[in-house]
Amino acid sequence: MDERPTVAYIDLGNLSHNFHEIKKIAKNSEVLCVVKANAYGHGMVEVAKALSRAGARWFGVATAGEAEVLIKSGIRGKILVLNGIFPGEEKFIIEHNLRGVVFDKEGVERMNEAGKRMGKRALIHIKIDTGMGRLGFLPEDFKEIMEKIRNYKFVKVEGIMSHFAHADLKDMEFIKHQLELFRRCIRRAGFNGLKHIANSAGTVLLPSARLDMVRCGIAIYGIYPSEDCKSKISLKPVLSLKTRIHSIKDLPKGYGIGYGHTYVLKRKSRVAVIPAGYGDGILRANSNRGYVLVKGRLCPIIGTVCMDLTAIDVTDVPDVRVGDEVVIIGEESGKVLSANDLANSSSTIPYEVLCLLTKRVRRIYTGG
Ligand SMILES: *Cc1c(COP(=O)(O)O)cnc(C)c1O
């Protein structure tokens, strides 16, 4: 039972549109669809199934647990576990032909040992740290590990990868330096398997970074990784988040709103309450900062965002009633509030806004 009107609508038609747009610009590369973190909040299984129907052959997840969910839901296709294999997961990875990202000597050894025990080769992608400063072999250690791997009979290096240090490619000079370093490492190792480095922004903005495969997350969900991308590709947002007004009251000037009275009415106001809060993924950082759309008008969030409820000022919305639609992310009467807008008003990024949508929010899939 859940008739609460706080719902995320996921447009699978827009999802497949975005996938095809990416395929179009990266036509000589494989497109790996990143569906980690519940497909950036969109629902991993439904999203992966829709992308499969659209022709996706590669999926990226963060963890073996996420890969397991995909397998159990019957997704075929190649699955790359992006953030490494923890001790004890090797057998599962090899058994299901998952691809594991490996970034240290111990990881390679563990995969080789597990492969030996099973009599089956482990498929791995070796990660190089070209300047992200996170996971990966340093370029100076890379050649050595590749030579060592030649003696490991139970691992097959299917891919070599790296990751850009900017999700929006803001520092293009540094990105190009990373790409050049990546190419140099691969050339020295004489590797001719799958090479991949591009995230969404890299895929859209830097054709020379597309290589054999691109790894796209945010663009698949219809969000431009940066303003520069808008002229290069046409994306459609996949998710909208809506609810309905739960209560309306006229309150006098000077009335305090919500926990701690962080907002005090500056005039006689019409205050509406919406049945959604940080327990749903509206960031508490949006307290007294964000906006929602009611009847095509921007209405400010007032007071602190609570776990289940949020107050908004609807004084300037004519004829507003309980049950009227409220758009938190999405379009209404020609006005748009994007995940980017919501992120900007709470000083974060759309990735986080989407990932934080909780399980409690019903997802309704359309356009499938
Ligand atoms: C999450 C992730 C991506 C996707 O990045 P977007 O900016 O969402 O396209 C690509 N590669 C790796 C290694 C990741 O972890």
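Just follow the structure's listing: the first ligand is 1, and inside any ligand the first atom is 1.
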Of all heavy-atom pairs linking Val317 and Arg297, the shortest is CA-CD, 4.0 Å
Show the protein residues that qualify under the rule heavy atom under 4.0 Å from an atom of ligand 1, listing them in chain and number order. Val34, Lys36, Tyr40, Leu82, His163, Asn199, Ser200, Arg215, Cys216, Gly217, Ile218, Tyr351
Walk me through it: do Ile160 and Met146 pass the test side-chain contact (heavy atoms from CB on, under 4.5 Å)? CA-CA 10 Å; Ile160 292 181; Met146 288 302 279; 3.6 Å; yes
Looking at Arg362 and Asp2, would you say the former's side chain and the latter's main chain have a donor-acceptor pair under 3.5 Å? yes
So His166 and Phe174, would you call those rings parallel, tilted or perpendicular, with 30° and 60° as cut-offs? perpendicular
When you measure from the centre of the six-membered ring of Tyr9, is the NZ or CZ of Lys242 under 6.0 Å away and within 45° of the axis? yes
Please say which of Arg121, Arg99, Lys78 ends up in a side-chain hydrogen bond (donor to acceptor under 3.5 Å, both in side chains) with Glu158. Arg99
